[in-house]
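Throughout, a chain's letter reflects where its sequence line sits, starting with A, and its residues are numbered from 1. Side chains are part of it too, since the values below use all heavy atoms of this structure and drop only hydrogens, waters and symmetry mates.
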Protein chains: 2
Amino acid sequence: MDECITADANRPVAASAVLGGTAITSRIAFERGATVFVAGMLGRPWRVVEGLVRLDREGLNGPEFGGLARVGDVIGAETLMFDRYTYTAVALLPLTLEPWCHGTAIEREHGLLLALARSERRMADVLALRGGRAAERIRRLFGYIAEAIGYRDAQTPCIPMLRLRDIADITGLQVETVSRTISQLSDHGEISPLARRQVQLNYSPD
Amino acid sequence: MDECITADANRPVAASAVLGGTAITSRIAFERGATVFVAGMLGRPWRVVEGLVRLDREGLNGPEFGGLARVGDVIGAETLMFDRYTYTAVALLPLTLEPWCHGTAIEREHGLLLALARSERRMADVLALRGGRAAERIRRLFGYIAEAIGYRDAQTPCIPMLRLRDIADITGLQVETVSRTISQLSDHGEISPLARRQVQLNYSPD
DNA sequence: CGCAAGATTGACCGCCCTCAATTGATGTGG
DNA sequence: CCACATCAATTGAGGGCGGTCAATCTTGCG
């Protein structure tokens, strides 16, 4: 695994973006809002160990939302074919990544299969966040985040709050609509805003 | 490749569903609306040679739209891990599939990498079909289909028409809204309905 | 023909978008 | 420490787009 780290050092564009990441052993940590990598830059694939990642691709007018990656998902797999990232990755929650490179051919194939199977599920999950009423979308997104951070089943799920801008991009709503809808959910007792930008979910995330 | 066909014969649930498919050499053809496979049934992965596939997964109230697969995309890759399909696949256009199984370990790994890289793009593409105004979504979907069937750049793109129900599910709109929006696009000259359920696009699908 | 599924059209209204202004949170330099 | 700039979030007013229900028309098929 060490070759992943050493190879990591000679990425040309990586320096500024990954500067925010703190390297511990072979893993890299990012804080909320940090840019993990940018479309077009050289790099390698990563596996999400903890946190939530937002993927964007270059649209006609600036970057547009292109997907989410949760714990266990692989991001930047396309670098194994094209060397460069096709998407920009931003940490929506405190994030921990580890290099995604396997030893033997058997292990590599198994890992690829797992990543491919997961990607189909990701697509359906993220699509579901763009269907139905505004309240439904945000409820589902919060449930999705609760599963992403691995909430304790015993107690009620408590998730960190995202920026409204990100919630809007993910759900396909407007920021103002998100603000109003979250207020409604709070009034109806479905969620309870806590200190330090945390939200408690008073419903089970299924 | 022959082992794919022979192994194909002993799929338990497959009989009824794949009955609509006509086997030529190692490929299988389906007509519009045919069910390729159903969630939960035993099977193998396939690669889309021609056509367009709709993927659904079981939601709380019936099946819900979970993604699209175009020419080159792999569907049912999860069977390599779990033996059974997790999604239901329906042909939205006349469809041709071929078994997705590679010979050597090198070829397998390369194919897996390609499929994984494509899957990230698929997610962003399908997500884009659920954002923006109704007219935008349908314009993008038609452009997506034009690329899916490999339109001739020389002439204006001409695509087969989907059922409004499918367009509605994909774009996250209602059937009535789809009907009205397509009429508007036709009135504005952006599309021209032709005979035999074909639509000519008077804009470039980019 | 007669049935069923799909598509169209109309009327109504509610949800969400849009624009705008205000407040709050955060960071920076004097 | 405060003034200031910047970004994020909230709130209001208004209108349009799309959802919803219903009826009608078209298409396909046995």
Begin with the C-alpha distance, continue with both residues' side-chain angles, and end with the deciding distance and a verdict on side-chain contact (heavy atoms from CB on, under 4.5 Å) for A/Thr88 and A/Arg57.
CA-CA 6 Å; A/Thr88 296; A/Arg57 71 171 172 184; over 6 Å; no

Sequence neighbours left out, what passes salt bridge (charged side-chain N to carboxylate O under 4.0 Å, His left out) with B/Arg163? Give chain and number order.
B/Asp166

Spacing between A/Arg165 atom CZ and D/dT6 atom C1', to the nearest angstrom
16 Å

For B/Arg47, the side chain to side chain donor-acceptor pair (under 3.5 Å) test, sequence neighbours excluded, returns B/Glu98

Can you list everything that forms a side chain to side chain contact (heavy atoms under 4.5 Å, CB included) with B/Arg197? Sequence neighbours excluded, please.
B/Arg32, B/Met161

Can you name the residues that form a side chain to side chain contact (heavy atoms under 4.5 Å, CB included) with B/Ser192, not counting sequence neighbours?
B/Gln200, B/Asn202

Has B/Arg130 got a side-chain atom pairing as donor or acceptor with B/Ile170's backbone, closer than 3.5 angstrom?
yes

When you check the gap from the basic side-chain N to the acidic O, do A/Asp125 and A/Arg118 get nearer than 4.0 Å?
no

Atom CE of A/Met161 and atom P of C/dA25 are separated, to the nearest Å, by 14 Å

Name the pairs: protein N/O against N/O of nucleotides 26-30 of chain D, kept only if under 3.5 Å.
none

Show me, pair by pair, the donor-acceptor contacts under 3.5 angstrom made by side chains of residues 136-150 of chain B, not counting sequence neighbours?
unit_1: B/Glu136; atom_1: OE2; unit_2: B/Arg133; atom_2: N; d: 3.4
unit_1: B/Arg137; atom_1: NE; unit_2: B/Gly132; atom_2: O; d: 2.9
unit_1: B/Arg137; atom_1: NH1; unit_2: B/Thr171; atom_2: O; d: 2.6
unit_1: B/Arg137; atom_1: NH2; unit_2: B/Gly132; atom_2: O; d: 3.3
unit_1: B/Arg139; atom_1: NH1; unit_2: B/Glu190; atom_2: OE1; d: 2.7
unit_1: B/Arg139; atom_1: NH1; unit_2: B/Glu190; atom_2: OE2; d: 2.9
unit_1: B/Arg140; atom_1: NE; unit_2: B/Ala128; atom_2: O; d: 2.9
unit_1: B/Arg140; atom_1: NH2; unit_2: B/Ala128; atom_2: O; d: 3.0
unit_1: B/Arg140; atom_1: NH2; unit_2: B/Gly131; atom_2: O; d: 2.5
unit_1: B/Glu147; atom_1: OE1; unit_2: B/Arg70; atom_2: NH1; d: 3.1

By side chain to side chain donor-acceptor pair (under 3.5 Å) - contacts of A/Ser183 (at least two apart):
none

Are any non-hydrogen side-chain atoms of B/Leu68 and B/Leu55 less than 4.5 angstrom apart?
no

Atom-to-atom span, CG of B/Leu185 to P of D/dG18 - whole angstrom
11 Å

What is the distance, to the nearest angstrom, from the CD1 atom on A/Ile138 to the P atom on D/dA9?
12 Å

Please answer whether the main-chain N or O of A/Leu116 pairs with a side-chain N or O of A/Ser119 as donor and acceptor at a distance below 3.5 Å.
yes

At a heavy-atom distance below 4.0 Å, what parts of residues 128-136 of chain A sit against DNA chain C?
A/Arg133, A/Ala134

Output all residues satisfying side chain to side chain donor-acceptor pair (under 3.5 Å) with B/Ser186, sequence neighbours left out; order by chain, then residue number.
none

For residues 166-183 of chain B, which residues have at least one heavy atom under 4.0 Å from DNA chain C?
B/Glu176, B/Ser179, B/Arg180, B/Ser183

note: A/Arg163, atom CZ; C/dA25, atom P; distance rounded to Å ~ 17 Å

Rounded to whole angstrom units, what separation is found between the CD atom of A/Glu31 and the P atom of C/dG27?
10 Å

Axis-to-axis angle between the two ends of the helix from C/dC1-D/dG30 to C/dG30-D/dC1 (five base pairs per end, rounded to 10 degrees)
40°

Sequence neighbours left out, cut at 3.5 Å: what donor-acceptor pairs do the side chains of residues 76-83 of chain A make with other protein atoms?
unit_1: A/Glu78; atom_1: OE2; unit_2: A/Thr86; atom_2: N; d: 3.0
unit_1: A/Glu78; atom_1: OE2; unit_2: A/Thr86; atom_2: OG1; d: 2.9
unit_1: A/Thr79; atom_1: OG1; unit_2: A/Gly76; atom_2: O; d: 2.7

